[in-house]
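Every chain is numbered from 1, with letters handed out A, B, ... down the list of sequences. Below, all heavy atoms of this structure are taken into account, side chains as well, without hydrogens, waters or symmetry copies.
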2 protein chains.
Amino acid sequence: MVGKSRKEAMAETRQKLLAAGRKAFGTIGYAASSMDDFTAEAGLTRGALYHHFGDKEGLLRAVVEEIDSEMSERLLAISMKAPSRWQGLVDEWIAYIEMALEPEIQRIMFRDAPAVLGDPSQWPSANACIMALKTNLDAAKTEGQLIDVDTEVAARLINGASSHAATWIASADDPEATSKRAVAGFRLLLESLRKPDHGGTA
Amino acid sequence: MVGKSRKEAMAETRQKLLAAGRKAFGTIGYAASSMDDFTAEAGLTRGALYHHFGDKEGLLRAVVEEIDSEMSERLLAISMKAPSRWQGLVDEWIAYIEMALEPEIQRIMFRDAPAVLGDPSQWPSANACIMALKTNLDAAKTEGQLIDVDTEVAARLINGASSHAATWIASADDPEATSKRAVAGFRLLLESLRKPDHGGTA
DNA sequence: GGATTGACATACGAGATGTATGCCAATATC
DNA sequence: GATATTGGCATACATCTCGTATGTCAATCC
């Protein structure tokens, strides 16, 4: 327990706070999460939180960064597994919608964080997962599979459509049925961005 | 000052509170708006607010309903003025993006209210303006100008794309340029929903 | 091995919300 | 027309949360 014990302990408390905050924010929401409560749950106090993250918003930023990086990793893994570029692109977007249905992601990334931190496109993480999606669009364009669109604009429009769709699905009376409708419409939308000469459905 | 003076006075204070809340929410945001402050600005106290709206959230709901109805009215007026159904549909959506750029609408309808009240599609107002847009899609579909899509899904996807685009534009370094890019991409998206046999650009 | 740093806890003050209570004018009743 | 009553709104109070200032003790450094 000597040598790096100081740094290790610090990293551990930081991680504990991050996890406690993430759990609280992801369940009861940012506004309703009392710093006293969830730090105590982690066996710590607000003192530690202010030391590591500056304030409540700072902790949220750290949580967002963590989740964002997890999301982009998952997306990358999915598009890499696909048999073709276009298929990978479609898979990735469908996966994005599905991820957006997860309560923690829904609540933190799509509901609370935009309200507290402002427009996601301005976050320091610069929305890693949006950029991952744009990258794939760029590749498809280079390969001539995509109609002539501004890929950043397309990525943002599709992202907006996806996240709203996910929110809609998540709060629908019948999420299963709603999801099917949304995904079908979404595939149609993606297909409309494909160059006709590549015919055939993804 | 007799007769209906009681009811009139009440309606007046209600309106004052609504206006004061709307102004505060629309500028500094919901969370940072102190009820003591903005009620005082209206020459009232929180007592009146609790009497009329139950709580802070209740006032926000009322504000949202007011704005939502104003928005759908404006949209309707725009689509009615257009020379053709399809043109009206396009005009309406472009107008929707432009409205979404207005700071008050941006802040209240797209940033704060979803965080506080949850998914807009579940709001009591049922998002009047979204429904107005869906109605137009339905009409275009009936007239055979629209490809075979689920119009509610389409309305929600396009709505998601629009509102995100607006948020992106509003917080961009160069809103003018960003707006041009976004609107161009958006037109392309709408055009892709049009039945090919109707050729020609909107 | 003592000085110092710094990770974290504790103590305190400043709002903000929600509720309970009180007051006064407008309406209803006789 | 005078009294009773309702209810719109203000005032007072309790509670909770955040942020800062301060304290403490162990780990690191010389």
Side-chain angles (χ1 to χ4, degrees), chain A residues 1-64 108 112-113 115-117, chain B residues 1-64 108 112-113 115-117:
Chain A
M1 309 290 183
V2 210
K4 279 205 169 181
S5 97
R6 182 69 176 257
K7 280 188 182 173
E8 278 174 1
M10 221 185 125
E12 196 182 316
T13 61
R14 194 192 136 90
Q15 199 49 44
K16 274 189 201 166
L17 290 168
L18 204 59
R22 178 169 172 167
K23 185 181 163 195
F25 296 163
T27 51
I28 61 175
Y30 178 80
S33 293
S34 159
M35 298 167 79
D36 274 325
D37 288 354
F38 70 73
T39 52
E41 225 170 288
L44 295 158
T45 67
R46 279 184 309 135
L49 193 156
Y50 279 100
H51 188 77
H52 282 277
F53 300 98
D55 60 1
K56 196 181 180 183
E57 211 179 291
L59 176 61
L60 178 61
R61 264 192 292 271
V63 168
V64 162
I108 298 178
D112 288 349
V116 178
L117 307 177
Chain B
M1 308 289 185
V2 209
K4 280 204 169 183
S5 97
R6 183 70 176 258
K7 280 187 181 175
E8 280 174 0
M10 218 185 130
E12 197 182 316
T13 60
R14 196 193 133 89
Q15 199 49 43
K16 274 188 200 164
L17 289 168
L18 205 59
R22 178 171 174 167
K23 185 181 163 196
F25 296 163
T27 51
I28 61 175
Y30 178 80
S33 293
S34 161
M35 298 166 80
D36 274 325
D37 289 354
F38 70 74
T39 53
E41 225 169 289
L44 295 158
T45 68
R46 280 183 309 133
L49 193 156
Y50 280 100
H51 189 79
H52 282 276
F53 300 98
D55 59 1
K56 195 180 180 182
E57 211 179 292
L59 176 61
L60 177 61
R61 265 192 292 271
V63 168
V64 162
I108 298 178
D112 288 349
V116 178
L117 307 177

Please assess A:F53 against A:L60 for the test side-chain contact (heavy atoms from CB on, under 4.5 Å), listing each intermediate value before the final yes or no.
CA-CA 9 Å; A:F53 300 98; A:L60 178 61; over 6 Å; no

Side chain to side chain donor-acceptor pair (under 3.5 Å) involving A:R61 - partner list, sequence neighbours excluded
A:E57

Tell me the side-chain hydrogen bond (donor to acceptor under 3.5 Å, both in side chains) pairs involving residues 24-38 of chain A, sequence neighbours left out?
A:D36-A:R46

Close residues, residues 12-19 of chain B, relative to DNA chain C [heavy-atom separation under 4.0 Å]
none

Mind checking side-chain contact (heavy atoms from CB on, under 4.5 Å) for A:H51 and listing every partner two or more places apart, or none if nothing turns up?
none

Could I get the full list of salt bridge (Lys or Arg N to Asp or Glu O under 4.0 Å) partners for A:K16, not counting sequence neighbours?
A:E12

Just verifying a value: how many Å separate B:H52 NE2 and B:T13 OG1, rounded to the nearest 0.5 Å?
3.5 Å

Atom CG of B:L59 and atom C1' of C:dA16: how far apart are they, to the nearest Å?
15 Å

Give me the atom names and distance for the closest heavy-atom approach of A:K56 to A:L49.
N-CD2, 4.3 Å

A:H51 NE2 to C:dT10 C1', in whole Å, measures 16 Å

Between P on C:dA7 and CZ on A:F53, what's the gap in Å once rounded to a whole number?
13 Å

In B/S/- notation (B base, S sugar-phosphate only, - none; protein heavy atoms under 4.0 Å), nucleotides 10-23 of chain D written 5' to 3' is BBB----SBBB---

Between B:H52 and D:dC9, is there a side-chain N or O to OP1/OP2 distance below 4.0 Å?
yes

If you measure from CZ on B:R14 to CG on B:L44, what distance do you get to the nearest 0.5 Å?
13.5 Å

Nearest whole angstrom, please: distance from the P of C:dA25 to the CE of B:M10.
18 Å

